[in-house]
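Reminder, nothing fancy here: chain letters follow the sequence lines and each chain counts from 1.
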2 protein chains.
Amino acid sequence: MADNAARARQELALLLRRLNVELDAVGQRFADRHGLNRTDVRALVAIMDAARRGEALTAGRLGEAVDLRSASVTALVDRLEKVGHVRRVRDPGDRRRVGLEMSDAAMAAGAEHFGGLAHDLVAAMEGYTDGELDVVRRWLEDMTAVIARHSRGEAES
Amino acid sequence: MADNAARARQELALLLRRLNVELDAVGQRFADRHGLNRTDVRALVAIMDAARRGEALTAGRLGEAVDLRSASVTALVDRLEKVGHVRRVRDPGDRRRVGLEMSDAAMAAGAEHFGGLAHDLVAAMEGYTDGELDVVRRWLEDMTAVIARHSRGEAES
DNA sequence: GTCGATAATCTCGATCGTCGAGATGTTACT
DNA sequence: AGTAACATCTCGACGATCGAGATTATCGAC
């Protein structure tokens, strides 16, 4: 039975990868619908997340978040600004900085797409008890910790 | 308490996204280490998965798997063949087809990187009971189903 | 205040991945 | 044989990204 148990755990790892693929496909679909590429979407998500935390992302910070050089960030922001998804806003306090604000239209589009997914996910969790969801949460946190270590190159065991 | 329950479920959705980001980072790291781009990695994974199922992927099938046109597939396979990760093998039965076989070196590199992750993930599941993992599996399958629907544009409710 | 150091952003030229259109070689059907 | 369907490859163009260097703004020392 130890074999069965190990196999069950491996299957969960595969399930996780399958989920990852599908989740990427959701992002790809959003990109296609709005004529954006993958980097643009990641940038919008980063700006959106920052906005949710009450911060206005600067161009430099955005570059760190999506791992692009300054030249590429300029081009990226140019693209997003041209189609009206973000605005450049000079920081009056430190006039070197350029803040990025999402337009209401972009915010609404993002909320419709990803918010709709979040809504359906929550709905699909209706049938679970609080105790079961606690188990899931603990498992997700454990797996994320392991994956995060690997993504930074700190192999384990 | 209904508020708390709803928030807990939303947090799980966010955890899932966080996990997705970290998992993508693992793939990115593998790409960096081997001088590949994201598409190349996706292609190698697709070939590897097919090999695991005992099938030899053709160039055309690979194009469908990674969603590229034939011209891009040719360039992709050229890149992978140049660095010795795959071989082109004409199908003797249907000589229009070009089969793709991974080199042992590439197979080993992939196994070391992603197999190591799988190993650590399984190890991190040691502390869970079979019953708990059943809950996790059910949850993962439910979430994947919802996400897959969204990735194909079939919105729900 | 003015000068050098620092920081954030932008411009320019080059490289590389992807695509569309069309060419080439292969198989299946009649 | 002749033709349609198929799989892959070649070619030219476009666009995203990068590295190096220029530009503009700020801060601290004197």
### Query
What's the CG-P distance between A:Leu80 and D:dG15, to the nearest Å?
16 Å
## Note on the structure
The single option from B:Arg87, B:Met48, B:His85 that satisfies side-chain contact (heavy atoms from CB on, under 4.5 Å) with B:Met102 is B:Met48
### Query
Between B:Gln28 (CD) and D:dT17 (P), how many Å, whole number?
12 Å
### Task
May I have the distance from B:Arg97 (atom CZ) to D:dT8 (atom C1'), rounded to whole angstrom?
12 Å
### Query
Using a cut-off of less than 4.0 Å, is there contact between a side-chain N or O of A:Arg38 and OP1 or OP2 of D:dG15?
no
### Query
Between D:dT8 atom C1' and B:Glu81 atom CD, what is the distance in whole Å?
13 Å
### Summary
Atom CG of A:Leu68 and atom P of C:dA8 are separated, to the nearest Å, by 17 Å
### Basic-acidic side-chain contact under 4.0 Å: B:Arg7, B:Glu11
no
## Note on the structure
Testing D:dC18, D:dT8, D:dT10 for proximity to the side chain of B:Val98, the answer is D:dT8
### Query
How about B:Arg33: does its CZ atom have over 12 heavy atoms from other parts shown lying under 6.0 Å from it?
no
### Message
Categorize A:Leu76 for me: base, sugar-phosphate, or nothing, with a 4.0 angstrom heavy-atom threshold over every strand shown.
### Response
nothing
### Message
Just N and O in the side chain of A:Ser70: are any of them under 4.0 Å from OP1 or OP2 of C:dT9?
### Response
no
### Query
When the distance from CZ of B:Arg95 to C1' of D:dA5 is rounded to whole Å, what number comes out?
18 Å
### Task
Give a yes or no on whether a salt bridge exists between A:Asp49 and B:Arg17, defined as a side-chain N under 4.0 angstrom from a carboxylate O.
yes
### Task
Give the nucleotide from the list D:dT17, C:dT18, C:dA8 with an atom nearest to the side chain of A:Ala75.
D:dT17
### Query
Can you check the A:Arg79 CZ to C:dC10 P distance for me, whole Å?
13 Å
### Message
Could you tell me how far apart B:Arg69 (CZ) and C:dG20 (P) are, to the nearest whole angstrom?
### Response
6 Å
### Query
Is the shortest distance from a Lys or Arg side-chain nitrogen in A:Asp78 or A:Arg88 to a carboxylate oxygen in the other one below 4.0 Å?
yes
### Query
A:Thr74 side chain N/O closer than 4.0 Å to the phosphate oxygens (OP1, OP2) of C:dC10?
yes
### Proximity to DNA chain C (any heavy atom under 4.0 Å), residues of residues 39-67 of chain B only
B:Thr39
### Message
Less than 4.0 angstrom from a charged side-chain N to a carboxylate O is my criterion; do A:Arg61 and A:Glu64 meet it?
### Response
yes
### Task
Return no unless some side-chain N or O of B:Arg96 is found under 4.0 Å from OP1 or OP2 of D:dT8.
no
#### Entry: Minimum-distance nucleotide (side-chain atoms of B:Asp94 versus C:dT27, C:dA21, D:dT8)
C:dT27
### A:Glu22/A:Arg18 under salt bridge (Lys or Arg N to Asp or Glu O under 4.0 Å): CA gap, chis, key distance, verdict
CA-CA 6 Å; A:Glu22 296 291 352; A:Arg18 162 107 198 283; 3.6 Å; yes
### Query
Any side-chain N or O of B:Arg88 less than 4.0 Å from the OP1 or OP2 oxygen of D:dC9?
yes
